[in-house]
Amino acid sequence: MAAIEETRTRVRMLEHEIDNPHSSDFPGNYVGFDDSWNHEKFVENFHIDIVRLTDTEMEFDMVGIDAALANAFRRILLAEVPTMAIEKVFMYNNTSIIQDEILAHRLGLIPIKADPRMFEYRQEGDEEGTAEDTIEFQLKVKCTKNPGADKDATDPDELYKHSKVTTEYLKWIPIGNQSEMYGEGAIRPVHDDILIAKLRPGQEMDIKMHCVKGIGKDHAKFSPVATASYRLLPEIVLTQPVTGEKADRLAQCFSPGVIEVKDINGVKQAVVAHPRRDTCSREVFRHEDLKDCVKLNRVRDHFIFSVESTGALPPETLVSEAIKILMTKSRSFKSGMEQLSAQQR
């Protein structure tokens with residue numbers, strides 16, 4: 001039974017292959033184990049633990065789910081949580097060396113600090129937009145010579161004024177009552193120092209932009225995350241004591257901090273300290289005298305998620321919105337199946 005339990009709950013990493021990669025979320029796979037899904041068992045086993053949280057990054061553990069559900073959650077984060085991004089670019093004047101199409105594409109990728117939950121989706125064919133579905137920005141800049149520059153200067157930043165066009169030059173133009181609704185300066189690019197173009201004296205830009213609400217499934221510029229990934233929790237088991245010089249070499253086979261060498265009763269001995277830091281290198285299998293001393297596993301239902309926001313919304317808000325979308329999809333699917341079942345009766 002212990003061997004079956006390990007097969008059900010662990011993915012085993014061997015020297016040249018990975019064992020037990022299949023899912024166990026199906027009833028009847030293993031004799032003596034009831035793997036049928038029920039709500040009570042799911043609620044008892046499922047939990048989320050936040051490990052690290054900053055303004056733009058979040059690491060958390062999602063425990064008690066199958067890989068299919070974890071991947072569905074990851075894909076929703078990437079492609080279905082909405083944000084605001086520049087969609088329409090009106091070029092009134094662009095004498096820079098950057099072509100209009102390239103410039104429009106570059107503007108579209110600028111992350112915008114605006115809560116998409118406060119806006120509606122723009123109707124197809126609507127060119128003007130309204131206060132409820134559109135944010136307008138203006139970029140108007142002209143490069144000139146700096147009359148106060150030193151005659152021996154060679155740095156363009158000293159020779160010219162407005163030679164580097166960054167997102168700091170984007171000016172929000174409130175539509176309707178947006179300034180009262182959101183506050184002065186509330187809507188802006190996430191960062192002020194993103195370089196858009198470089199100009200030289202006589203070159204200028206006069207551009208109007210419309211931001212709309214969208215999802216990453218339609219275009220990558222609407223994706224709210226820079227990265228969203230997961231990995232299984234590593235589990236390292238020492239099958240026998242590893243002491244002396246072997247302990248030092250074993251520690252060097254793993255990422256720093258995974259294996260620590262401690263003095264136990266006057267003898268140097270290797271202990272597993274932080275298996276979470278393991279990067280799955282399998283370096284230990286290169287050493288004939290060490291490879292039988294450890295078992296490398298991954299806990300099948302323990303997922304370590306890393307989410308990095310583009311800055312439009314905090315990462316904890318993105319995770320919460322992704323969970324809501326997944327719940328809505330599940331309810332919609334359940335409702336559709338119930339209607340289909342009723343029609344077939």
Side-chain angles (χ1 to χ4, degrees), residues 1-26 28-33 35 45-52 57-71 73-74 227-308:
M1 293 291 286
I4 296 178
E5 174 65 19
E6 182 174 341
T7 302
R8 290 178 62 255
T9 60
R10 299 294 186 271
V11 177
R12 182 81 186 278
M13 300 183 62
L14 305 177
E15 184 175 0
H16 300 296
E17 60 183 333
I18 298 177
D19 198 17
N20 306 329
H22 54 274
S23 172
S24 63
D25 200 21
F26 299 98
N29 276 6
Y30 305 97
V31 177
F33 290 92
D35 287 317
N45 296 331
F46 177 75
H47 58 94
I48 295 177
D49 301 318
I50 298 176
V51 177
R52 181 170 56 90
E57 297 181 26
M58 181 179 183
E59 182 179 321
F60 62 94
D61 293 354
M62 189 176 284
V63 185
I65 59 173
D66 187 66
L69 193 58
N71 196 48
F73 178 73
R74 180 190 68 87
T227 59
S229 62
Y230 63 80
R231 60 191 178 97
L232 291 175
L233 177 70
E235 180 186 66
I236 301 171
V237 180
L238 298 181
T239 59
Q240 61 190 60
V242 182
T243 59
E245 179 267 342
K246 288 177 62 176
D248 292 326
R249 287 195 292 117
L250 181 67
Q252 293 175 2
C253 292
F254 294 88
S255 301
V258 175
I259 302 292
E260 291 183 356
V261 179
K262 295 187 176 181
D263 190 318
I264 301 177
N265 298 325
V267 178
K268 289 198 303 182
Q269 184 168 332
V271 296
V272 180
H274 302 286
R276 187 188 188 90
R277 300 179 185 176
D278 183 35
T279 56
C280 189
S281 68
R282 290 192 277 188
E283 171 69 20
V284 68
F285 293 128
R286 288 174 172 266
H287 304 268
E288 290 295 329
D289 59 336
L290 294 178
K291 65 181 182 180
D292 294 328
C293 299
V294 296
K295 287 172 62 176
L296 304 183
N297 298 329
R298 294 292 183 270
V299 182
R300 190 188 301 278
D301 66 345
H302 191 135
F303 297 89
I304 301 173
F305 271 87
S306 297
V307 177
E308 181 182 349

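- Between Pro241 and Gln269, the shortest heavy-atom distance links the atoms CB-NE2, 4.2 Å.
- Using modelled atom types, no side-chain atom of Arg231 and backbone atom of Thr279 make a donor-acceptor pair closer than 3.5 Å.
- Considering only heavy atoms from C-beta on, Phe60 comes within 4.5 Å of Val307 through its side chain.
- Annotation: side chain of Ile259 is in contact with side chain of Val272 (closest heavy-atom distance under 4.5 Å).
- Rounding to the nearest 0.5 Å places NE2 of His274 at 5.0 Å from CD of Glu260.
- Between Arg298 and Asp278 a salt bridge is recorded (basic side-chain N to carboxylate O distance below 4.0 Å).
- Between Lys246 and Asp289 the shortest heavy-atom distance is NZ-O, 3.4 Å.
- The side-chain heavy atoms of Asn20 and Arg10, taken from C-beta on, include no pair separated by under 4.5 Å.
- Counting all heavy atoms, side chain and backbone alike, Leu296 lies closest to Phe285 at CD1-CE1, 3.8 Å.
- A donor-acceptor pair is defined here as one N or O able to donate and one able to accept, closer than 3.5 Å; such a pair exists between the side chain of Thr239 and the backbone of Asp292.
- Residues Arg282 and Arg286 fail the side-chain proximity criterion, which asks for heavy atoms closer than 4.5 Å.
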Quiz item: Can you list the steps and then say if Leu250 with Val284 is a side-chain contact (heavy atoms from CB on, under 4.5 Å)?
Solution: CA-CA 7 Å; Leu250 181 67; Val284 68; 3.7 Å; yes
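- When every heavy atom of Ala247 is checked against every heavy atom of Lys268, the shortest pair comes out as CB-O, 4.3 Å.
- Phe305 is listed as a side-chain neighbour of Arg74, based on a closest heavy-atom distance under 4.5 Å.
- For the salt bridge (Lys or Arg N to Asp or Glu O under 4.0 Å) test with Lys295, the passing option among Glu15, Glu6, Glu235 is Glu6; the others fail.
- With contacts defined as side-chain heavy-atom distances shorter than 4.5 Å, the pair Cys253/Leu290 qualifies.
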Self-check item: Criterion side-chain contact (heavy atoms from CB on, under 4.5 Å) on Arg300 and Arg8, from CA distance to verdict
Solution: CA-CA 8 Å; Arg300 190 188 301 278; Arg8 290 178 62 255; 5.6 Å; no
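- Considering all non-hydrogen atoms of both residues, Ala251 and Val261 come closest at CB-CG2, 4.1 Å.
- Expressed to the nearest 0.5 Å, how far OG of Ser281 lies from CE of Met13 amounts to 8.0 Å.
- For the residue pair His47 and Asn45, the shortest heavy atom distance occurs at CD2-O, 3.4 Å.
- For the pair Ile304/Pro234, a side-chain contact is recorded, criterion being any heavy-atom separation below 4.5 Å from C-beta on.
- Using a 4.5 Å cut-off on side-chain heavy atoms (C-beta onward), Arg12 and Asn297 make contact.
- A donor-acceptor contact shorter than 3.5 Å is absent between the side chain of Arg276 and the backbone of Leu233.
- Ring centroid separation for the pair Tyr230 and Phe73 does not come in under the 6.0 Å cut-off.
- Of the candidates Ile65, Asp66, Asp61, Phe303 forms a side chain to side chain contact (heavy atoms under 4.5 Å, CB included) with just one, namely Ile65.
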